[in-house]
**Student:** 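To start, I am sharing the structure in question, which I have written as structure tokens.
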Amino acid sequence: MSSDLLNKAYEPHDVEKRWYDFWEKEKLFEAFEKTKPSYSIVIPPPNVTGVLHMGHALNITMQDILCRYRRLCGDNVLWMPGTDHAGIATQNIVEKMLQSKGFSREQLGREKFIEAVWEWRKESGGAIINQLKRLGASCDWDRERFTMDEGLSRAVRKVFVQLYEEGLIYKDNYIINWCPRCGTAISDLEVEHEEIKGSLYHILYPFQKKSGGLVVATTRPETMFGDTAVAINPDDERYTNIPSADVILPLTGRHIPVIRDTYVGISFGTGALKITPAHDPNDFVIGSRHNLPSIKVIDDNGLMTSEAGRFAGMDRFECREAVIKALVDEGFMKKIEPYTHAVGHCYRCKTVVEPNLSKQWFVKIKPMAEKAISAVRLGETRIIPDVWTKTYFDWMENIKDWCISRQIWWGHQIPAWTCDKCSHVIVANDTPLKCPECDHDSLTQETDVLDTWFSSALWPFSTMGWPDETDLLHNFYPTSVLVTGFDILFFWVARMMMMGIHFRKEVPFKDVYVHALVRDENGKKMSKSKGNVIDPLTVIEEYGTDAFRFTLAAFAAQGRDIKMSEKRVEGYRHFINKIWNASRFVMMHIKDSSFDKIEFNLKNLSLSLPDRWIISRLKKVIHDVAVSLDEYRFNDAAGGLYKFVWHEFCDWYLEAVKPALYGKQGEEQLTAAMSVLWRVLHDTLLLLHPFIPFVTEELWHRLPGTSGSIMAASFPSKGSDDYGIVNDSESESKMNLITEIITGIRNIRGEMNIAPSLSLSAMVQSVEQDIVDTVNSYGDIIIDLAGLKTLSASDFVERPSTSATSVVKGATIFVPLDGVVDFKKEIGRLEKELNKQTKELITVVKKLGNDDFLTKAPPHIVDKVREKEQVLREKQDKLEKNLYRIKGIHDDK
RNA sequence: GGGCGGGUAGCUCAGUUGGGAGAGCAUCGGCCUUACAAGCCGAGGGUCACAGGUUCAAGCCCUGUUCCGCCUACCA
């Protein structure tokens with residue numbers, strides 16, 4: 001394509017829009033149903049109500065990196081996108097909308113309300129999908145699914161029916177977590193515990209027949225109207241002689257029995273526990289053990305029921321205050337002590353959850369959990385990083401039945417019907433017409449809907465067409481990896497494991513990669529209330545998607561949270577710009593017109609040292625990136641690329657190759673330089689593409705000799721000797737020598753404040769013939785990059801009377817500085833250097849003086865240390881000599 | 001209460017079988033050298049939280065202490 005002169009700085013906005021449209025139009029994200037090898041990922045479906053936040057950005061970026069990488073590797077990639085219907089959240093939004101128009105959902109009626117929700121979904125439910133596209137997400141959008149769409153709803157019904165028939169779903173009266181604001185039951189997982197500084201109230205429950213009584217301790221005095229017993233531990237010696245008669249419930253006069261149960265802690269509080277089976281999970285268990293009645297004193301709106309007598313109708317928290325006052329007034333309150341305890345809150349609306357006795361649907365989860373545990377134990381699914389495996393086991397092993405019914409309207413209505421005549425319950429895929437028991441034709445469907453997580457638990461196979469046996473399913477299930485944050489490990493991952501194994505007889509994913517949370521720059525969780533949220537779209541606007549993505553990848557070290565700040569993104573925008581300019585430079589020298597000079601097989605060229613060095617480094621970075629991505633080490637891959645592009649390719653190779661490119665070394669070297677430049681840039685763009693798709697696509701199209709999208713190209717081969725790309729340790733060590741010498745001379749320049757414009761001379765002295773030869777052969781590079789006018793190298797150098805010195809391994813560099821040298825500064829320089837060397841030398845000598853080290857350490861380590869000692873001694877010797885010499889001259893003057 | 005992770009340069013963090021303490025940013029000094037000032041060259045800076053132990057050798061392994069963060073939990 002065109003290699004018109006590029007702009008001096010990279011401008012992301014047009015580029016991003018243009019290429020994303022191009023990719024979609026060319027259907028480059030599409031997965032094919034019957035080709036192999038296949039690689040698949042299902043997206044963690046964002047809530048349809050959601051707006052893009054940092055968590056999504058990280059999650060999507062990682063998946064996109066993997067998918068783009070796999071496509072380049074030649075895999076048939078399916079990245080399945082979609083959204084989640086988010087029952088409670090969506091219903092809340094639409095209800096609020098209706099409220100602003102002045103009516104409630106009850107006024108509208110269920111059917112009309114559902115229509116309104118679908119309407120909302122059509123209008124504004126897809127916002128997040130477009131935001132994912134801004135990130136560059138290469139999902140197969142034609143396959144986008146929604147947990148409430150027809151196919152997935154069919155899957156939900158089938159699963160419900162089958163589990164019911166297998167006895168794994170049941171309906172029962174049980175104490176559940178009730179959110180009075182949302183008006184629905186929620187599962188244990190949806191309750192967030194928060195430490196609250198409250199009080200522990202000691203209340204006297206008088207004996208019925210004699211003076212005194214039992215003092216109970218409670219944090220929730222308002223529940224006392226539901227008390228149906230007081231429990232004490234049978235082993236509690238304080239209570240061995242209490243009367244066997246009842247105690248009197250204060251404020252009501254009701255009599256309740258005293259029971260004995262080992263559950264009660266002797267040392268806690270007063271050792272006497274009030275039992276409220278309808279409003280406390282533990283009390284519920286104790287209550288059923290002792291056949292106690294349950295009395296509901298708080299209704300579904302959080303208001304006191306008529307059982308609370310004169311407190312009926314009060315809000316539960318107002319009631320608490322009123323009850324406290326009454327108990328104090330009437331002398332029953334014996335003590336109030338400050339007490340900090342954990343209180344459950346609804347994870348959606350933060351309302352204090354009310355444990356409430358209620359008839360609900362549950363999944364009997366233990367049998368499924370056991371299989372999900374063993375699948376991980378057997379390695380059928382790997383959890384990465386491994387630390388999460390333990391968390392997974394802990395939770396799975398202590399799992400309790402899952403309350404799946406929700407008293408809301410938006411969601412999958414439970415496919416259960418009750419006969420109006422005989423009360424027979426029918427659970428079926430299709431709406432039954434009459435009762436199979438009594439033939440009655442009036443049936444009422446269960447009004448509850450299912451927990452949203454119930455449908456997302458089926459996501460890996462329901463999105464692929466199940467219950468139909470589709471090609472898609474056969475080709476892409478189980479998926480290759482699930483990429484997700486640990487916050488939904490239990491909500492979602494664990495449940496997908498159970499459902500996948502149960503209904504597909506196969507785990508839903510081979511790997512689970514659990515990534516970190518994105519926090520603000522102070523390590524705090526981003527939240528609207530704290531006001532520390534960074535909006536990804538704002539970041540993208542300002543710095544470009546590529547810079548943002550690269551930042552996320554570079555900071556995504558396993559097992560550690562990411563602290564995000566715009567400052568960091570800015571740093572990586574510079575990197576994107578660096579790539580842009582390096583490419584600009586390459587394309588200044590390789591134009592469409594000169595492209596026929598490029599030789600693809602580098603073996604056919606006469607390569608210079610920097611040529612051989614950079615392709616050896618390229619080989620290494622290709623290997624490293626591939627290995628890192630295979631192991632989900634995104635930060636290593638990004639870091640390795642950063643270092644290679646900036647500090648090897650740009651800092652050294654591009655500078656070293658300039659003379660050849662300017663034709664100063666003849667036609668042969670020009671061809672070699674062009675060919676190597678082209679190869680390195682070509683391969684580097686491919687390596688970078690998964691991380692920064694937009695800029696690489698743009699540059700790819702501008703690079704002569706490419707055709708089509710970079711997405712359709714091939715990842716540089718990891719095999720040996722491709723295009724003559726080989727590991728070349730000899731060139732690497734020679735190049736290291738050259739760069740060390742250059743750095744040495746630059747150091748003299750910098751520390752002595754010698755203007756860059758002043759050309760210097762340098763002499764390299766070494767007794768090693770290799771070194772002398774290398775310096776003589778590649779002196780041009782040193783001359784160029786160190787700003788020299790002359791350079792010589794030999795085994796013996798007549799030391800110039802006034803010169804600065806630099807010592808590298810095996811050689812000494814003299815830079816004559818007649819009239820320029822500042823003796824004091826030079827002495828300071830040398831002393832500083834000598835100091836550093838001596839410190840190192842001391843530790844090494846100490847080691848070698850230790851017999852235990854010599855006899856017990858492995859020989860290759862000992863050799864290494866011996867070699868090091870030699871190098872250090874030699875350097876030290878040279879430095880000392882030069883210091884001595886320059887001090888002499890200085891003293892003469 | 002139980003569990004997990006972390007404490008390494010001023011800041012943010014790498015450090016993969018124990019064997020020379022690193023990067024980016026920030027700081028300081030010098031440069032508009034024709035790819036890039038969103039740049040180039042150079043420099044300074046760390047008792048690897050603390051105390052023990054294992055080892056020839058510990059940032060890394062073991063024990064304890066301490067601080068921070070998170071998850072989890074049916075002692076009201």
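Proteins come first, then strands; the chains are lettered A, B, ... in the order of their sequence lines, and each starts at number 1. Quantities reported herein were computed from a predicted structural model and do not represent experimental measurements.
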**Student:** Looking at the side chain of A:Asn747, which of B:C56, B:C31, B:G42 is the nearest nucleotide?
**Tutor:** B:G42
**Student:** Can you tell me which residue among A:Trp395, A:Trp402, A:Tyr347, A:Phe486 is in a ring pair (Phe, Tyr, Trp, His ring centres under 6.0 Å) with A:Phe491?
**Tutor:** A:Tyr347
**Student:** Any idea which of B:C74, B:G42, B:A37 is nearest the A:Glu751 side chain?
**Tutor:** B:G42
**Student:** Tell me which nucleotide among B:A35, B:G5, B:A76 gets nearest to the side chain of A:Asn581.
**Tutor:** B:A35
**Student:** Quick one: which of B:C31, B:A35, B:G19 gets closest to the side chain of A:Lys658?
**Tutor:** B:A35
**Student:** Only pairs at least two apart or in different chains count here, so list each salt bridge (charged side-chain N to carboxylate O under 4.0 Å, His left out) that has a residue in residues 543-558 of chain A.
**Tutor:** A:Asp64-A:Arg549
**Student:** Taking B:G44 as the reference, what is the distance to B:G6 when you measure between their P atoms (whole Å, please)?
**Tutor:** 32 Å
**Student:** I want to confirm an ordering. Mapping A:Lys390 and A:Glu655 to their closest nucleotides on RNA chain B, which one lands closer to the 5' end?
**Tutor:** A:Lys390
**Student:** Taking B:G69 as the reference, what is the distance to B:U55 when you measure between their P atoms (whole Å, please)?
**Tutor:** 38 Å
**Student:** Grab the CD-P distance between A:Glu337 and B:C75 for me, whole Å please.
**Tutor:** 17 Å
**Student:** If I pick the C1' atom on B:G15 and the same atom on B:A21, what distance separates them, to the nearest angstrom?
**Tutor:** 9 Å
**Student:** Less than 4.0 angstrom between a side-chain N/O of A:Lys400 and OP1 or OP2 of B:C74, yes or no?
**Tutor:** yes
**Student:** With a non-hydrogen cut-off below 4.0 angstrom, is A:Lys846 in contact with a base, only sugar-phosphate, or nothing?
**Tutor:** nothing
**Student:** Does a nitrogen or oxygen in the side chain of A:Arg749 sit under 4.0 Å from OP1 or OP2 of B:G42?
**Tutor:** no
**Student:** Once you apply a heavy-atom cut-off of 4.0 Å, does A:Val865 come out as touching a base, just sugar-phosphate, or nothing?
**Tutor:** nothing
**Student:** Measuring from the side chain of A:His193 (C-beta onward, heavy atoms only), which nucleotide among B:C74, B:G42, B:A38 has the closest atom?
**Tutor:** B:C74
**Student:** For nucleotides B:C13 and B:G53, find the distance between their C1' atoms and express it as a whole number of Å.
**Tutor:** 30 Å
**Student:** For the side chain of A:Thr743, counting heavy atoms from C-beta on, which of B:C56, B:A76, B:G42 is nearest?
**Tutor:** B:G42
**Student:** Hey, what's the ring geometry for A:Tyr632 with A:Tyr513, parallel, tilted or perpendicular (30° and 60° as the breaks)?
**Tutor:** parallel
**Student:** To the side chain of A:Tyr642, which of B:G24, B:C56, B:G20 is closest?
**Tutor:** B:G24
**Student:** Write down the distance between CE (A:Met752) and C1' (B:G42), rounded to a whole number of angstrom.
**Tutor:** 14 Å
**Student:** Without decimals, in angstroms, what is the distance between A:Asp651 CG and B:C36 P?
**Tutor:** 15 Å
**Student:** Rounded to whole Å, how long is the line connecting atom CG of A:Asp394 with atom P of B:G5?
**Tutor:** 12 Å
**Student:** Note every stem involving RNA chain B: at least three consecutive Watson-Crick or G-U wobble pairs, i with j then i+1 with j-1, with both distances under 3.5 Å.
**Tutor:** B:1-7 with B:66-72, B:10-13 with B:22-25, B:27-31 with B:39-43, B:49-53 with B:61-65
**Student:** Salt bridge check, A:Glu833 against A:Arg829: does any charged N sit closer than 4.0 Å to a carboxylate O?
**Tutor:** no
**Student:** Taking atom CD1 of A:Ile813 and atom OG1 of A:Thr743, what is their separation to the nearest 0.5 Å?
**Tutor:** 9.5 Å
**Student:** To the side chain of A:Phe490, which of B:A76, B:A35, B:U72 is closest?
**Tutor:** B:U72
**Student:** Can you pull the salt bridge (charged side-chain N to carboxylate O under 4.0 Å, His left out) pairs that have at least one residue in residues 266-289 of chain A, sequence neighbours excluded?
**Tutor:** A:Asp227-A:Lys274, A:Asp261-A:Arg289
**Student:** So A:Ala342, base contact, sugar-phosphate only, or nothing? Heavy-atom distance under 4.0 Å.
**Tutor:** base
**Student:** With a 4.0 Å cut-off on heavy atoms, is A:Tyr201 in touch with a base, just the backbone sugar-phosphate, or nothing at all?
**Tutor:** nothing
**Student:** Measuring only the P atom in each nucleotide, how far is B:G10 from B:G45? A whole number of Å is fine.
**Tutor:** 11 Å
**Student:** Tell me: CD1 of A:Ile488 to P of B:C70, nearest whole Å?
**Tutor:** 19 Å
**Student:** Could you tell me if the ring centre of A:Tyr174 sits under 6.0 Å from that of A:Phe284?
**Tutor:** yes
**Student:** Checking contacts here: which listed nucleotide (B:C75, B:G44, B:C40) is nearest the side-chain heavy atoms of A:Trp646?
**Tutor:** B:C40
**Student:** In whole angstroms, how far is the P atom of B:G5 from the CG atom of A:Asp386?
**Tutor:** 10 Å
**Student:** Just the rounded figure in Å: distance from P of B:A38 to CG of A:Asn7.
**Tutor:** 15 Å
**Student:** Can the ring centres of A:Tyr572 and A:Phe550 be said to be less than 6.0 Å apart?
**Tutor:** yes
**Student:** Could one point to a donor on the side chain of A:Lys578 or the base of B:C36 with an acceptor on the other under 3.5 Å away?
**Tutor:** yes
**Student:** Side chains of A:Ser199 and A:Glu337: any donor to acceptor distance under 3.5 Å?
**Tutor:** no
**Student:** Compare side-chain N and O positions of A:His647 against OP1 and OP2 of B:A23 and report whether any pair is under 4.0 Å apart.
**Tutor:** no
**Student:** Would you call the rings of A:Trp646 and A:Tyr642 parallel, tilted or perpendicular, taking 30° and 60° as the class edges?
**Tutor:** tilted
**Student:** When the C1' atoms of B:G19 and B:A23 are considered, how many whole Å apart are they?
**Tutor:** 22 Å
**Student:** Between B:C62 and B:A76, how many Å separate the two C1' atoms, rounded to a whole number?
**Tutor:** 41 Å
**Student:** Using heavy-atom distances to pick each residue's nearest nucleotide on RNA chain B, tell me which of A:Asp280 and A:Ala9 is more 5'.
**Tutor:** A:Ala9
**Student:** Work out how far the P atom of B:C41 is from that of B:G5, and round it to whole angstrom.
**Tutor:** 41 Å
**Student:** Whole angstroms only, please: what is the CD-P distance between A:Glu631 and B:U17?
**Tutor:** 12 Å
**Student:** Between B:A35, B:G29, B:A38, spot the one nearest the side chain of A:Arg573, thanks.
**Tutor:** B:A38
